[in-house]
J.: 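One structure is given below, represented as structure tokens, and several questions about it will come after.
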Amino acid sequence: MKINIILSYFLGVILIIGCSDFQSSPIVNKKAIETQIQFLNPEHKQVFEELKIKDSLLFTLGFNQCDTNQVKNLTSKDFEFYHDQAGITNSQNSFVQSISGLCGMNYKPTRKLEKNSLSVHLLKNNGKIYGAIQNGNHSFYGKEKNKPEYLTSTAEFIHLWIIENENWKLKRVLSYNHKQAENE
């Protein structure tokens, strides 16, 4: 308890000294500071790091490399995906099939997480973690044969992760605020 009070005090002093113009400064990343404050709780930091790895596996291997086994292992059997432009995907199997379809397109889409955009909020029942809400921003790129990679769109996401049989499973996804890139 005493250590948390001391850490909170020093963090507050650092924030006041380093961010005296916090509200108007475009350089200060408010989300990154909020994440650091939450990391005073080791339990929160552990979940954040675990879900950051899960996000990377889902997109780096699953989406970017069309590894449908990875996608299936990371998602809940009653998975649902809500997309602001492509509608609802209401099953794990449909989602896995949509990922496999990415490899058959005339260009290869990839996803990159925007630096410092990821945050995690714990969900508890009587003090025990049963899930977490993960949100952030990501950018999508296209790659065609003999052409450089190019930005296709940006979007925001909210992922609901639930602990099922002692494993984190992605249960619900909201993908929204998609903006097409202004490629020249």
Side-chain angles (χ1 to χ4, degrees), residues 1-16 18-19 22-23 28-63 67-84 87-96 98-99 111-139 154-178:
M1 174 79 168
K2 200 174 199 179
I3 291 176
N4 283 342
I5 293 170
I6 292 169
L7 286 173
S8 295
Y9 172 77
F10 282 115
L11 184 58
V13 169
I14 291 168
L15 287 173
I16 290 169
C19 305
F22 181 71
Q23 295 298 327
V28 175
N29 185 330
K30 184 178 177 186
K31 192 170 225 175
I33 291 171
E34 289 170 350
T35 299
Q36 291 303 315
I37 290 169
Q38 290 174 340
F39 281 175
L40 291 175
N41 175 347
E43 179 182 60
H44 183 268
K45 183 175 182 171
Q46 178 185 355
V47 172
F48 178 90
E49 294 300 331
E50 282 183 57
L51 295 184
K52 185 177 180 182
I53 290 168
K54 299 285 185 189
D55 176 86
S56 179
L57 291 171
L58 180 68
F59 284 99
T60 303
L61 297 178
F63 185 87
D67 183 343
T68 56
N69 288 326
Q70 191 68 243
V71 173
K72 191 169 185 173
N73 289 335
L74 290 168
T75 54
S76 176
K77 293 204 182 302
D78 67 341
F79 176 84
E80 291 179 355
F81 179 63
Y82 300 87
H83 193 284
D84 67 349
I88 300 170
T89 302
N90 57 10
S91 75
Q92 181 190 51
N93 287 336
S94 294
F95 184 63
V96 170
S98 71
I99 297 297
R111 178 263 200 175
K112 294 180 184 177
L113 179 67
E114 289 185 19
K115 187 176 179 179
N116 296 322
S117 74
L118 198 63
S119 66
V120 169
H121 308 276
L122 302 180
L123 299 173
K124 296 182 178 185
N125 185 5
N126 294 318
K128 184 176 179 184
I129 297 173
Y130 70 89
I133 298 169
Q134 178 187 54
N135 62 296
N137 302 325
H138 46 198
S139 299
T154 60
E156 297 175 51
F157 66 91
I158 298 173
H159 291 168
L160 173 63
W161 291 89
I162 299 293
I163 298 173
E164 295 179 356
N165 299 319
E166 300 182 25
N167 293 304
W168 286 101
K169 296 289 184 172
L170 184 57
K171 189 171 181 98
R172 303 289 184 266
V173 172
L174 300 174
S175 185
Y176 61 98
N177 200 22
H178 284 80

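These values consider heavy atoms only, across backbone and side chains, with no hydrogens, waters or symmetry-generated copies.
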J.: How long is the gap from CZ on F48 to CG on N41, to the nearest 0.5 Å?
T.: 13.5 Å
J.: Strictly distance-based, threshold 3.5 Å: is any side-chain N or O of N167 a donor or acceptor partner for the main-chain N or O of N165?
T.: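 A pair under 3.5 Å: yes.
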J.: What is the distance from atom CG of L51 to atom OG of S56, rounded to the nearest 0.5 Å?
T.: 12.5 Å
J.: About how many Å separate NZ of K54 and CG of L170, when rounded to the nearest 0.5 Å?
T.: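 Rounded to the nearest 0.5 Å, the CG-NZ separation comes out at 11.0 Å.
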J.: Go through it in stages, so that I can follow the logic: the residues are N135 and L174, the test is side-chain contact (heavy atoms from CB on, under 4.5 Å), and I'd like the CA-CA distance, side-chain angles, deciding distance and then a yes or no.
T.: CA-CA 9 Å; N135 62 296; L174 300 174; over 6 Å; no
J.: Supply the atom-to-atom distance K112 NZ to T60 OG1, rounded to the nearest 0.5 angstrom.
T.: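 If we round to the nearest 0.5 Å, K112:NZ and T60:OG1 are 10.5 Å apart.
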J.: Yes or no on side-chain contact (heavy atoms from CB on, under 4.5 Å) for I162 and Y130, after CA distance, side-chain angles and deciding distance?
T.: CA-CA 6 Å; I162 299 293; Y130 70 89; 4.2 Å; yes
J.: Answer yes or no: is there a donor N or O on one side and an acceptor on the other, between the side chain of Q134 and the main chain of W161, under 3.5 Å?
T.: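 No, because the side chain of Q134 does not come within donor-acceptor range (under 3.5 Å) of the backbone of W161.
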J.: Go through the steps to decide whether L122 and H44 satisfy the test side-chain contact (heavy atoms from CB on, under 4.5 Å), and finish with yes or no.
T.: CA-CA 7 Å; L122 302 180; H44 183 268; 3.7 Å; yes
J.: Okay, side chain of D84, backbone of H178: is any donor-acceptor separation there less than 3.5 Å?
T.: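 Answer holds: yes.
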J.: Answer yes or no: is there a side-chain heavy-atom contact under 4.5 Å between I129 and I163?
T.: yes
J.: For the pair V173 and F79, evaluate side-chain contact (heavy atoms from CB on, under 4.5 Å) and give the outcome as yes or no after the intermediate values.
T.: CA-CA 8 Å; V173 172; F79 176 84; 3.7 Å; yes
J.: Just by distance, do the side chain of S76 and the backbone of K171 share a donor-acceptor pair under 3.5 Å?
T.: no
J.: Donor-acceptor check, side chain of S94 to backbone of N90, threshold 3.5 angstrom: yes or no?
T.: no
J.: First locate atom CG of N137, then atom NZ of K115, and finally report the distance between them rounded to the nearest 0.5 Å.
T.: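 Going from CG on N137 over to NZ on K115, the span is 15.0 Å.
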J.: Do the rings of H159 and F157 sit parallel, tilted or perpendicular, given the 30° and 60° boundaries?
T.: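 Ring orientation of H159 relative to F157: tilted.
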J.: Roughly how far apart are I158 CD1 and Y82 OH, rounded to 0.5 Å?
T.: 13.0 Å
J.: Do you know the tightest heavy-atom contact between D78 and R172?
T.: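 Looking at all heavy atoms of both residues, the closest pair is O-NH1, 2.7 Å.
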J.: For K77, what residues pass the side-chain hydrogen bond (donor to acceptor under 3.5 Å, both in side chains) criterion, not counting sequence neighbours?
T.: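 side-chain hydrogen bond (donor to acceptor under 3.5 Å, both in side chains) list for K77, sorted by chain: empty.
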J.: Would you check if the side chain of K169 reaches a backbone N or O of N73 as a donor-acceptor pair within less than 3.5 Å?
T.: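 Checked: pair present.
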J.: So do I99 and F63 actually touch side chain to side chain, heavy atoms under 4.5 Å?
T.: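 A side-chain contact under 4.5 Å exists here.
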J.: Is R111 close enough and on-axis enough to F59, meaning under 6.0 Å and within 45°, for cation-pi?
T.: yes
J.: For L113 versus H138, what's the shortest heavy-atom pair and its separation?
T.: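 The pair with the smallest heavy-atom distance is CA-CB, 4.2 Å.
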J.: For the side chain of E80 and the backbone of I88, is there at least one donor-acceptor N/O pair under 3.5 Å apart?
T.: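 Absent.
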J.: What closest approach, in Å, do V120 and A132 show between heavy atoms, and which atom pair accounts for it?
T.: CG1-CB, 3.9 Å
